[in-house]
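Fair warning: this is a prediction, and the values are worked out from it, not measured in the lab. A note on names: the letters A, B, ... follow the listed sequences, proteins ahead of strands, and every chain is numbered from 1.
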Amino acid sequence: MPLQYKRVGCQIDSPFLFFRSQETITMSNLRVRFAPSPTGYLHIGGARTALFNFLLARKQQGTFVLRIEDTDVARSTQESVNAILQAMDWLGMDCDEGPLYQSDRFDLYRQKVDQLLAEGKAYRCYCTADELEKKREDALKEGRKPKYDGTCRERGEVSRDLPCVVRFKAPQGGATTFHDRIKGSISFQNDELDDLIIQRTDGTPTYNFVVVIDDAEMGINLVLRGDDHINNTPRQIMLYEALGYPVPDFAHVPMILGADKSRLSKRHGATSVMAYKDMGYLPEALVNYLVRLGWSHGDQEIFSMKELIELFSLDNVGKSASVFNPEKLLWLNSHYIKTGDPARLSELLAEHLQSEGVDVSTGPALEAIVAALQDRSKTLVEMAQQALCFLCEKVDVDEKAAAKFLVDKNRQPLEALVRTLETWKEWDEKSLDTAFKNVLETNDLKFGKLAQPTRVALMGDTKGPGICLIMQILGREKTIDRLKEAIGRISG
RNA sequence: GUCCCUAUCGUCUAGCCCGGCCUAGGACACCGGCCUUUCACGCCGGCGACGGGGGUUCGAAUCCCCCUGGGGACGCCA
């Protein structure tokens, strides 16, 4: 399809120039895709693959396609599709095309099977699943590579009224080689490959077949996916060629492993992207963590999405698998909480508090609480936990803390503090600090001596933000109430 | 078992392509110190790696070969 463009003041008809102009006009023709199968939630590994695709597309102003690989009708669910969409949205990855469903395209696949059959590039196979299973087991037992023995390939095309699958007649002899954009040159002996099934007995097409058709038909020119697909690549290249499609570029990103170096799975902890949201992680922390797993830009550790779009490149993607390290993710999360905008954080915190059944409509402003807690919370869940004592009606006093600080010798100082606060005019951190010091002076006390009992009285615990900041956030009424209650506890 | 991929601190990685600037840099974790009303934050310091063996070279983390370790694939799953 010729591209329309205006040639202004240029008489040259050179095909070379035409080509150049076309390139300039289209800006970028990079087309990448993320193609999850909807048989569960979006997991960490999938998210990173999606992220790399997304980043590359955005950087080169290309197109990011989302395709749902649901040819396995039995295991695919709409809930999974929704969960994946939701997770991608949370991470800030929006696609330019899709979601496209393979289940909508069975006619096309059927047509391509027929085409290969008609061209003699595929054949019907009547071997039963049981027979194949037995042959596979025998081969494995005898230490041979289990591959289809070609029984029906040799038989020739005799039409029978029996259930059958369709197999691709793979070229024999020679080798299939491709240049991987991450791993470099990869080569397979064709004899290692067998005739893969492209259509099941029930008439549905299989993964390796549809992936090729879809990537080709959608104009995907860079296939960027996990390196567990390297072994599928030579077969897919053969299919591209048999179907008469141009072969795209490939880039295989290394796997993510658990602490024991085995493939990341549930037993290593949470693998679902949305589980991290629930655990109080910020999307920018997960994105930042995931991108640094396998990719680097010198010594830089912190990247905003905007920076990533500028800086990300396949050139700096490592070749070897990497271990998922929850501690570093936690560190990144605490970093983004520390440096985050309190207004935004308040909204996110409110969600967590509400899901805990806490009423955030009354009580001190969430933003002030967030500001006080940012430096000391690694997750929003932690922050919600610490925010509780500001929001609840009654302080839940820790017994050990009470036993140590809410004791008789601290009663007089606390009473003195109450007396001072009851008549104190200003109620901000700085002014309260003056009030507090006045009490210390008149009672000849050290800061810590009064601060800790006060903290326990107000927060129920020995740790937390600065004592005067706590009083400011709590407000006069709650502060005095809680102090009096603590005094009552000592007396009582 | 066969094939494919891979190999720098415990972990993520820089350096490797284009050998000398590497007594191998940064980050997480860990340990110690400082700051401090507490807990954190922060700051300073410490611990800690080129898997092994052969080559090539005046010189190798960097180039070549072998071994070993690790991962993946070998489905009428994707």
Side-chain angles (χ1 to χ4, degrees), chain A residues 35-39 69-72 74-76 102 125 127-129 132-133 136 139-147 163-167 180 182-184 186-189 191-194 196-208 210-211 226-234 252 254-255 257 259 261-263 289 292-302 315-316 318-332 334 338 373-378 386 401 405 436 440 446-456 459 461-468:
Chain A
S37 65
T39 53
E69 310 238 314
D70 56 352
T71 52
D72 185 352
R75 293 202 300 155
S76 302
Q102 289 185 324
C125 171
C127 301
T128 67
L132 295 172
E133 183 56 34
R136 188 165 26 245
L140 236 27
K141 213 177 295 169
E142 289 163 34
R144 300 195 323 272
K145 193 186 180 95
K147 47 180 259 194
C164 65
V165 300
V166 177
R167 283 186 188 270
D180 191 280
I182 292 171
K183 308 253 187 182
I186 299 178
S187 189
F188 289 81
Q189 291 300 313
D191 292 341
E192 291 293 330
L193 278 20
D194 62 0
L196 84 161
I197 292 169
I198 58 176
Q199 188 179 79
R200 304 182 184 100
T201 314
D202 67 2
T204 57
T206 59
Y207 167 75
N208 277 112
V210 297
V211 126
D227 75 2
D228 48 338
H229 285 287
I230 285 183
N231 295 281
N232 290 327
T233 309
H252 288 98
M255 306 257 80
L257 312 177
K261 299 261 183 111
S262 71
R263 198 181 179 140
Y289 178 71
R292 279 286 287 104
L293 215 47
W295 175 83
S296 60
H297 180 72
D299 288 337
Q300 189 171 343
E301 295 287 349
I302 306 294
D315 300 338
N316 309 312
K319 293 175 171 186
S320 56
S322 32
V323 174
F324 185 80
N325 182 213
E327 270 98 35
K328 188 148 183 181
L329 169 59
L330 189 61
W331 171 73
L332 276 165
S334 66
K338 248 176 292 184
L373 262 23
Q374 272 179 295
D375 279 352
R376 39 190 24 95
S377 313
K378 290 184 193 296
Q386 299 172 72
F405 293 105
F436 203 84
L440 295 178
K446 287 224 158 115
F447 205 131
K449 286 287 174 203
L450 181 56
Q452 284 306 78
T454 306
R455 184 187 308 282
V456 174
M459 298 281 94
D461 204 351
T462 54
K463 25 188 220 239
I467 201 70
C468 297

For this session: Pick base, sugar-phosphate or nothing for A:Lys449, based on heavy-atom distances below 4.0 Å to the nucleic acid.
Result: nothing
Could you list all N or O pairs between the protein and nucleotides 64-67 of chain B that sit under 3.5 Å apart?
none

Exercise. Looking at residues at least two apart in the chain, or sitting in another chain, which of them share a ring-ring contact (aromatic ring centres under 6.0 Å, His included) with A:Phe405?
Worked result: none
Problem set entry | Contacts of type side chain to side chain contact (heavy atoms under 4.5 Å, CB included), residue A:Arg376, not counting sequence neighbours | A:Leu373, A:Gln386, A:Pro465
Seminar exercise, completed: Sorted by chain and residue number, the ring-ring contact (aromatic ring centres under 6.0 Å, His included) partners of A:Phe188 (sequence neighbours excluded) come out as none
Exercise. Does any nucleotide pair with B:C17 by Watson-Crick or G-U wobble geometry, both distances under 3.5 Å, and what is it?
Worked result: none
For this session: Please tell me if the side chains of A:Asp461 and A:Arg455 come closer than 4.5 Å, counting only heavy atoms from C-beta onward.
Result: no
Problem set entry | Distance in angstrom units between A:Asp180 CG and B:C5 P, rounded | 10 Å
Exercise. Any side-chain heavy atom of A:Asp72 sitting closer than 4.5 Å to one from A:Ser37?
Worked result: no
Exercise. Looking only at side-chain N and O atoms, does A:Lys338 come under 4.0 Å of OP1 or OP2 in B:G42?
Worked result: yes
Exercise. Is any side-chain heavy atom of A:Val166 closer than 4.5 Å to a side-chain heavy atom of A:Ile198?
Worked result: yes
Between N or O atoms, less than 3.5 Å apart, protein on one side and nucleotides 29-34 of chain B on the other: list the pairs.
none

Seminar exercise, completed: Closest heavy-atom pair, A:Gln102 versus A:Asp70, reported as atoms and distance to 0.1 Å, is N-OD1, 3.2 Å
Exercise. Start at the 5' end of RNA chain B and walk down; is the nucleotide closest to A:Ile467 or to A:Gly318 reached first?
Worked result: A:Gly318
Problem set entry | Atom pair distance, as rounded to whole Å: CZ in A:Phe188 and P in B:U2 | 16 Å
Protein-nucleotides 43-46 of chain B N/O pairs under 3.5 Å:
none

Exercise. If we take the C1' atom in both B:C58 and B:U11, what is their distance in whole Å?
Worked result: 38 Å
For this session: Tell me what A:Gly466 touches on the nucleic acid: a base, only sugar-phosphate, or nothing, going by heavy atoms under 4.0 Å.
Result: base
Exercise. A:Ser262: what forms a side chain to side chain contact (heavy atoms under 4.5 Å, CB included) with it, not counting sequence neighbours?
Worked result: A:Asp260, A:Arg267, A:His268
Under-3.5 Å N/O pairs linking protein and nucleotides 7-9 of chain B:
none

Seminar exercise, completed: Given the 90°-from-0 boundary between syn and anti, B:C16 should be labelled anti
Problem set entry | Pairing partner (Watson-Crick or G-U wobble, both distances under 3.5 angstrom) of B:C9 | none
Problem set entry | Protein-nucleotide distance (A:Lys446, atom NZ; B:U37, atom C1'), rounded to Å | 12 Å
For this session: Would you mind reading off the distance between A:Gln452 atom CD and B:C39 atom P, rounded to a whole angstrom?
Result: 8 Å
For this session: Verify the neighbour count for atom NZ of A:Lys449: are there more than 12 heavy atoms of other residues, nucleotides or ligands below 6.0 Å?
Result: no
For this session: Between B:A14 and B:U57, how far apart are the P atoms? Round to whole Å, please.
Result: 31 Å
For this session: Find the partner of B:C77: check Watson-Crick (N1-N3 plus N6-O4 or O6-N4) and G-U wobble (N1-O2, O6-N3) distances, both under 3.5 Å, and reply none if neither fits.
Result: none
For this session: Using a heavy-atom cut-off of under 4.0 Å over every strand shown, decide if A:Thr454 touches base, sugar-phosphate, or nothing.
Result: nothing
Seminar exercise, completed: Atom CZ of A:Phe324 and atom C1' of B:U13 are separated, to the nearest Å, by 16 Å
For this session: Identify which nucleotide among B:U37, B:G26, B:U2 has an atom closest to any side-chain atom of A:Glu192, counting heavy atoms from C-beta outward.
Result: B:U2
For this session: Would you mind telling me which of A:Asp227, A:Asn231, A:Asn232 makes a side-chain contact (heavy atoms from CB on, under 4.5 Å) with A:His229?
Result: A:Asn232
Exercise. Can you name the residues that form a side chain to side chain contact (heavy atoms under 4.5 Å, CB included) with A:Thr128, not counting sequence neighbours?
Worked result: A:Asp130, A:Glu131
Exercise. Once each nucleotide of nucleotides 68-78 of chain B is scored for protein heavy atoms under 4.0 Å, what B/S/- sequence comes out, 5' to 3'?
Worked result: ---SBSBSBBB
Exercise. Now, which nucleotide makes the Watson-Crick or G-U wobble pair with B:A40, with each of the two distances under 3.5 Å?
Worked result: none
Problem set entry | Touch class at under 4.0 angstrom, heavy-atom based, for A:Leu330 against every strand present | nothing
For this session: Only counting residues at least two apart or in another chain, list the ones meeting salt bridge (charged side-chain N to carboxylate O under 4.0 Å, His left out) with A:Glu301.
Result: A:Arg292, A:Lys328
Problem set entry | G-U wobble or Watson-Crick pairing nucleotide for B:C63 (cut-off 3.5 Å, both distances) | B:G55
Exercise. Paired with B:G48 by Watson-Crick or G-U wobble geometry, both distances under 3.5 Å: which nucleotide is it?
Worked result: none
Problem set entry | Atom-to-atom span, NE2 of A:His252 to C1' of B:C3 - whole angstrom | 15 Å
For this session: Check whether any side-chain N or O of A:Tyr289 sits under 3.5 Å from a backbone N or O of A:Pro326 as a donor-acceptor pair, and report yes or no.
Result: no
For this session: Return yes if some donor-acceptor pair links the side-chain N/O of A:Thr39 with the main-chain N/O of A:Arg75 below 3.5 Å, else return no.
Result: no
Problem set entry | Atom-pair distance (CZ on A:Arg292; C1' on B:U11), nearest Å | 11 Å
Exercise. For A:Ile182 and B:C16, what is the distance between atoms CD1 and P respectively, to the nearest whole Å?
Worked result: 19 Å
Exercise. How far does the C1' atom of B:A49 sit from the matching atom of B:A7, given to the nearest Å?
Worked result: 12 Å
Problem set entry | All side chain to side chain contact (heavy atoms under 4.5 Å, CB included) counterparts of A:Lys338, not counting sequence neighbours | A:Ser334, A:Asp375
